[in-house]
Amino acid sequence: MSGRTYLGMPAFPVAAKASTKDERLRANLRHATRTIRDKRARAVGELDDWALLREAGKRIKDHTLRHLDTYLLQLEERVTAAGGTVHWAADAAEANRIVASLVHATGETEVVKVKSMATQEIGLNEALAAEAINAYETDLAELIVQLGDDLPSHILVPAIHRNRGEIRDIFRAQMGRWGRPAPQGLTDRPADLAEAARLHLREKFLRAKVAVSGANFMIAETGTLVVVESEGNGRMCLTLPETLISVVGIEKVLPTWQDLEVFLQLLPRSSTAERMNPYTTMWTGTTTGDGPRDFHLVLLDNGRTDTLADEIGRQVLRCIRCSACLNVCPVYERAGGHAYGSPYPGPIGAVLTPQLRGTTSEVDASLPFASSLCGACYEVCPVAIDIPEVLVHLREQVAAQPGHGAERAAMKAAAWLFDHPAALAAAERAASATRAALPRTLPLGPAKAWTDSRDLPELPAAPFRAWWKQHRTTRQEPAE
Amino acid sequence: MRVALFATCVNDAVLPRAAIATVRLLERLGMEVDFPEQQSCCGQPQYNTGYRRQTEPLVRRMARAFDGYAYVVTPSGSCVAMVRDNYPRIGAKARTEGRGEEPAVAAASLTPRVLELTEFLVDVLGVTDVGAYFPHTVTYHPSCHGLRVLGLGTRPLALLRAVEGLELVELPGAEECCGFGGTFAVKNPDVSTAMGADKIAHARSTGAEVLCGADNSCLVHLDGMLRRQNRGRGDAPLRTVHLAEILASTEADPWSVA
Amino acid sequence: MSSRDAVLARIRAALADAPEPEPVVRDYRTAHVRGANVPAKHVPDEYAAVVDLLAENLADYRAHVHRCAEAALPALLARLLAEHGSRSVAVPPGLPQGWLAEAGGVRQHPDEPPLTARELDGFDSVVTTCRLAVAETGTLVLDAGPGQGRRALTLVPDHHICVVHTPDQVVASLPQSLARLDPTRPLTWISGPSATSDIELDRVEGVHGPRTLDVVLLE
């Protein structure tokens with residue numbers, strides 16, 4: 001099925017150049033993000049202790065990360081005691097190998113999947129396909145992406161770039177290739193589209209023997225995993241198959257059962273802007289006669305420990321993947337999720353992806369700069385990740401890499417000038433004196449980037465300093 | 001009361017009207033204004049582009065230039081945000097990276113004394129009616145750093161509401177970024193321009209004559225787009241004006257285009 | 001070195017110089033609604049606000065809320081099944097005897113021995129109790145105890161009727177609910193019928209789970 005990957009994606013500004021001019025995409029994103037923005041504000045506004053919950057969420061995560069080894073070991077012990085099997089994967093390739101071999105051991109050649117960012121991140125579907133295993137996405141938006149041979153563009157709503165008409169067309173054209181076709185005369189009413197997905201996937205749920213999921217939270221104290229969802233596809237996958245394989249990032253652990261009282265308030269209101277999402281499933285190992293007989297937990301590192309080692313960057317590991325930051329981000333709204341070249345788009349992607357993948361590729365090196373630093377993301381983040389702070393920190397790393405010599409020199413020259421006021425004053429006078437000679441558009445580099453769409457400011461006849469010298473000698477001293 | 005003006009590099013070199021207006025306004029309110037000439041740039045462009053270490057000399061320079069002033073007032077929210085939010089970080093990192101205590105000491109001494117103009121007027125002087133006169137329709141864009149880092153809140157609006165002759169109209173989507181973002185404007189020109197275009201469309205939709213802001217870096221970007229758009233337009237041109245210019249304007253000495 | 005040891009070693013190396021973060025403070029509210037901290041059994045009138053809020057929030061997310069006394073329950077259940085057009089209902093072990101006594105025309109089938117997923121898919125409805133309900137979020141929590149059955153039972157049929165004993169099974173808030181739940185049991189939290197926001201971020205009810213959720217608040 002979906003064979004598209006993020007390999008070789010262009011730098012953010014290049015991708016955004018195209019997407020900002022895609023009127024349909026812009027309209028879809030504007031509509032969707034504005035809808036959810038207002039709803040989130042209302043859902044959060046219902047709780048007068050939101051700031052305290054946010055602070056508690058931040059601190060619980062920071063405490064957990066500080067003692068991550070302890071809590072992972074406790075989790076492993078509890079999951080194992082409850083009948084589960086815990087596997088550790090250092091990187092994507094290892095996680096994919098583990099999952100493929102677990103599926104092979106069941107003798108099955110297909111799995112149903114609950115929407116999971118971790119398995120997107122490691123490219124599990126493609127890895128399973130290479131092992132002759134079909135992975136069927138069952139979340140509605142993931143289904144739309146998979147059937148459309150597309151890439152996700154949002155954490156919560158991977159098909160946010162598609163409107164209802166496009167979704168209807170994809171269902172009509174593609175459902176029949178993978179199972180039950182779309183009903184005759186399918187309309188673009190959201191309820192009809194949801195019904196089509198229900199009918200298409202029901203067959204797959206009823207025959208599935210193996211499911212793959214992620215998890216929103218793992219509780220070290222009890223060994224409990226938590227999946228938060230809306231549609232019931234999660235419950236289907238977590239309950240009906242005989243074997244369940246959950247691939248979860250190591251940062252998803254929480255110390256205690258009680259900690260859920262914070263995160264189950266923070267997550268739904270930040271994410272789908274609901275008091276509570278329709279379904280949450282919590283399971284601890286296996287239970288005789290209820291749900292899967294075999295449960296495997298694959299704990300995934302894949303760059304997280306590198307992030308943990310970064311004093312400023314580690315706060316990104318608090319992220320609970322709510323996507324509130326995407327929904328308020330003016331850059332995301334205009335560039336779209338695909339421009340970020342990763343399953344993690346938007347502000348959180350701009351700080352997470354370069355930490356997980358490094359900053360050597362063009363797109364990864366461009367991500368820390370894909371922000372105006374407006375701070376709207378930090379304001380809505382339910383675990384108070386200071387995304388602008390991390391962006392600037394990552395910019396430092398990128399700026400230190402080869403290829404930034406000219407910029408570094410220009411910045412240094414400016415900084416030198418600012419540290420030498422006499423030279424600065426002379427430069428200002430010279431600029432003012434030659435202002436009439438400046439053309440309206442400039443041919444190269446940053447100047448071109450500015451003047452393609454904007455006039456340069458009209459330089460003053462004299463800088464402020466000159467006015468001040470005059471003013472100081474002529475002003476009347478104010479009365480005491 | 002003696003206050004130091006931190007004009008900011010953008011206002012000094014490119015848009016002196018806002019700095020001049022700040023001086024006139026503060027003097028009208030009885031302040032003794034100084035402009036310590038050793039000041040230059042807060043270092044925000046370098047810092048936000050990833051060249052933190054280059055800003056250390058500027059942190060020290062700023063602290064020296066404004067040494068001894070109880071209040072350092074500036075008509076630029078983003079420059080205050082740079083000092084308040086990032087100078088302590090620059091100082092702390094210089095220390096942990098083994099370059100001594102000086103940047104940290106400089107940051108600690110300067111940071112609490114630097115105030116954005118509307119903070120100074122409302123919080124220190126306790127005034128919202130500054131005796132200004134500005135007979136125009138105005139809509140206000142609260143720049144992100146003032147809004148979210150400094151938490152200026154309703155201060156700028158309260159000041160504008162008290163201006164005689166001024167009709168204030170609400171800007172739709174006011175809290176959304178204008179797309180300037182320093183070097184973002186040239187590193188991501190398409191997104192920056194798309195954001196700016198929406199901001200301007202919102203401002204035009206209000207029917208205001210003036211798009212007011214308290215941060216000239218944002219206004220340079222919006223004004224550059226506006227002037228590009230206005231060329232050849234038949235309707236009344238929308239223009240950007242810094243808040244300080246509006247507050248400095250009086251019936252006796254009114255604001256004028258030139 | 002195993003990946004387990006490698007990952008643990010990397011974590012420890014990453015945290016070698018990390019300071020201890022600020023301590024966790026739980027100064028958020030244990031509940032938001034008026035009357036939340038009044039013991040239900042002692043002052044039922046005060047607690048009525050909590051039950052009312054539950055009803056309001058359930059309805060807000062498109063659950064159909066009904067209130068009745070125990071004696072009227074069999075008639076109500078019969079009526080709800082009839083209104084849904086149900087011809088068959090799956091019955092969890094431990095559902096109180098007599099609850100379905102008046103649903104004469106509906107085929108009742110106990111889930112013992114357990115029905116297969118395909119068999120379950122042939123049932124129109126399921127009737128269960130719950131472990132508790134959370135007023136502030138409009139949530140029902142099932143823990144597979146008596147009268148609730150295993151998780152699949154309330155998932156595959158398209159119509160779920162859930163009976164809540166009020167006020168005893170109603171808690172005000174999430175913090176209060178977690179304290180009363182046993183994490184070792186499989187738990188299903190249900191807040192309204194199945195829904196999705198995947199099309200233009202607009203909420204639509206009804207995808208894979210039961211599309212109709214009737215909640216009976218038993219007085």
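Every chain is numbered from 1 and lettered A, B, ... according to where its sequence line falls, protein lines coming before strand lines. Computed from heavy atoms alone, side chains included, the values below leave out hydrogens, waters and symmetry copies.
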J.: With a 4.5 angstrom heavy-atom cut-off, is it the side chain or the backbone of Arg29(C) that approaches chain A, or both, or neither?
T.: both
J.: Is chain C contacted by the side chain of Arg78(A), its backbone, both, or neither, given a heavy-atom distance below 4.5 Å?
T.: neither
J.: Looking at Thr222(A), Leu73(A), Leu199(A), which makes the most heavy-atom pairs under 4.5 Å with chain C?
T.: Leu73(A)
J.: What verdict does the salt bridge (charged side-chain N to carboxylate O under 4.0 Å, His left out) test give for Asp259(A) and Arg59(A), after you've listed the backbone C-alpha separation in whole Å, the side-chain angles of each residue and the deciding distance to 0.1 Å?
T.: CA-CA 11 Å; Asp259(A) 294 331; Arg59(A) 292 190 186 193; over 6 Å; no
J.: Do the ring planes of Phe205(A) and His208(C) sit parallel (below 30°), tilted (30 to 60°) or perpendicular (above 60°)?
T.: perpendicular
J.: Checking heavy atoms, do the side chain of Pro114(C), its backbone, both or neither come under 4.5 Å from chain A?
T.: neither
J.: Could you tell me which portion of Pro193(C) (side chain, backbone, both or neither) has an atom closer than 4.5 angstrom to a non-hydrogen atom of chain A?
T.: backbone
J.: If we ignore hydrogens and angles and just use 3.5 Å, is the side chain of Glu229(A) paired with the main-chain N or O of Gly234(A) as donor and acceptor?
T.: yes
J.: So which part of Thr139(C) gets closer than 4.5 Å to some heavy atom of chain A, the side chain, the backbone, both or neither?
T.: side chain
J.: If you tally heavy-atom pairs under 4.5 Å against chain A, which of Leu142(C), Asp121(C), Thr184(C), Val141(C) wins?
T.: Asp121(C)
J.: Parallel, tilted or perpendicular for His159(C) and His84(C), by the 30°/60° rule?
T.: parallel
J.: Report which part of Arg12(C) has an atom under 4.5 Å of a heavy atom belonging to chain A: side chain, backbone, both, or neither.
T.: side chain
J.: For the pair Tyr71(A) and His63(A), evaluate ring pair (Phe, Tyr, Trp, His ring centres under 6.0 Å) and give the outcome as yes or no after the intermediate values.
T.: CA-CA 10 Å; Tyr71(A) 289 120; His63(A) 167 82; 5.6 Å; yes
J.: Could you go step by step and tell me if Tyr28(C) and Trp50(A) meet the ring pair (Phe, Tyr, Trp, His ring centres under 6.0 Å) rule?
T.: CA-CA 8 Å; Tyr28(C) 46 84; Trp50(A) 185 258; over 10 Å; no
J.: Out of Arg198(A), Met276(A), Glu261(A), which one racks up the most heavy-atom pairs below 4.5 Å with chain C?
T.: Arg198(A)
J.: Measuring heavy-atom distances to chain A, does Val156(C) have an atom under 4.5 Å in its side chain, in its backbone, in both, or in neither?
T.: both
J.: Do any N or O atoms from the side chain of Arg164(A) and from the backbone of Ile199(C) form a donor-acceptor pair under 3.5 angstrom?
T.: no
J.: Using heavy-atom distances under 4.5 Å, tell me whether Glu76(A) contacts chain C through its side chain, its backbone, both, or neither.
T.: side chain
J.: Okay, side chain of Glu242(A), backbone of Lys209(A): is any donor-acceptor separation there less than 3.5 Å?
T.: no
J.: For Asp124(C), does its backbone N or O pair with a side-chain atom of Asp158(C) as donor and acceptor, under 3.5 Å?
T.: no
J.: Less than 4.5 Å to any heavy atom of chain A: does that hold for the side chain of Val207(C), its backbone, both, or neither?
T.: both
J.: If you tally heavy-atom pairs under 4.5 Å against chain C, which of Lys58(A), Glu55(A), His161(A), His67(A) wins?
T.: His67(A)
J.: Are Thr305(A) and Arg10(C) linked by a side-chain donor-acceptor pair shorter than 3.5 Å?
T.: yes
J.: Check whether more than 12 heavy atoms from other residues, nucleotides or ligands sit under 6.0 Å from atom CZ of Arg87(C), and answer yes or no.
T.: no
J.: Could you tell me whether a side-chain N or O of Thr196(C) sits under 3.5 Å from a main-chain N or O of Asp198(C), the two making a donor and an acceptor?
T.: yes
J.: Select, from Thr239(A), Asp69(A), Thr284(A), the one with the greatest count of heavy-atom pairs under 4.5 Å involving chain C.
T.: Asp69(A)
J.: Chain A heavy atoms under 4.5 Å from Asp17(C): which part of the residue, side chain, backbone, both or neither?
T.: neither
J.: If you measure from the Lys or Arg side-chain nitrogens to the Asp or Glu carboxylate oxygens, is any gap between Glu203(A) and Arg118(C) under 4.0 Å?
T.: yes
J.: Quick check on Leu72(A) against chain C: is it the side chain, the backbone, both or neither that has a heavy atom closer than 4.5 Å?
T.: side chain
J.: Of the backbone (N, CA, C, O) and the side chain (C-beta and beyond), which part of Arg54(A) lies under 4.5 Å from a heavy atom of chain C, both, or neither?
T.: neither
J.: Heavy-atom distances under 4.5 Å only: say whether Ile167(A) touches chain C with side chain, backbone, both or neither.
T.: side chain
J.: Specify which of Ile160(A), Leu260(A), Thr272(A) makes the most heavy-atom pairs with chain C at under 4.5 Å.
T.: Leu260(A)
J.: Will you find, in the side chains of Glu200(C) and Asn28(A), an N or O donor that is under 3.5 Å from an N or O acceptor?
T.: no
J.: Can you tell which part of Ala6(C) gets under 4.5 Å to a heavy atom of chain A, answering side chain, backbone, both or neither?
T.: neither
J.: Within the distance-only criterion (no hydrogens, no angle test), does the side chain of Asp310(A) pair as donor or acceptor with the backbone N or O of Arg314(A) below 3.5 angstrom?
T.: no
J.: Which one wins on heavy-atom pair count under 4.5 Å against chain A: Ser2(C), Ala179(C), Pro19(C), Gly192(C)?
T.: Pro19(C)
J.: If we define contacts as heavy-atom pairs under 4.5 Å, which of Ala9(C), Pro23(C), Ala16(C), Ser173(C) has the most with chain A?
T.: Pro23(C)
J.: Go through the atoms of Leu140(C) and report whether side chain, backbone, both or neither lie under 4.5 Å from a heavy atom of chain A.
T.: neither
J.: So which part of Ala82(A) gets closer than 4.5 Å to some heavy atom of chain C, the side chain, the backbone, both or neither?
T.: neither
J.: What part of Glu20(C) gets closer than 4.5 Å to chain A, counting heavy atoms only: side chain, backbone, both or neither?
T.: both
J.: Between Thr129(C) (side chain) and Gly147(C) (backbone), is there a donor-acceptor pair under 3.5 Å?
T.: yes
J.: After noting the C-alpha distance and the side-chain angles of His66(C) and Leu217(C), does the key distance pass the side chain to side chain contact (heavy atoms under 4.5 Å, CB included) rule?
T.: CA-CA 6 Å; His66(C) 317 270; Leu217(C) 302 181; over 6 Å; no
J.: Given a strict heavy-atom distance threshold of 4.5 Å, which part of Leu47(A) is in contact with chain C: side chain, backbone, both, or neither?
T.: both
J.: Among the options Asp139(A), Thr35(A), Leu156(A), Ile219(A), pick out the one with the most heavy-atom pairs lying under 4.5 Å from chain C.
T.: Asp139(A)
J.: Could you tell me which of Arg211(C), Arg150(C), Arg185(C) has the largest number of non-hydrogen atom pairs under 4.5 Å with chain A?
T.: Arg211(C)
J.: With a 4.5 angstrom heavy-atom cut-off, which part of Leu53(A) approaches chain C: side chain, backbone, both or neither?
T.: both
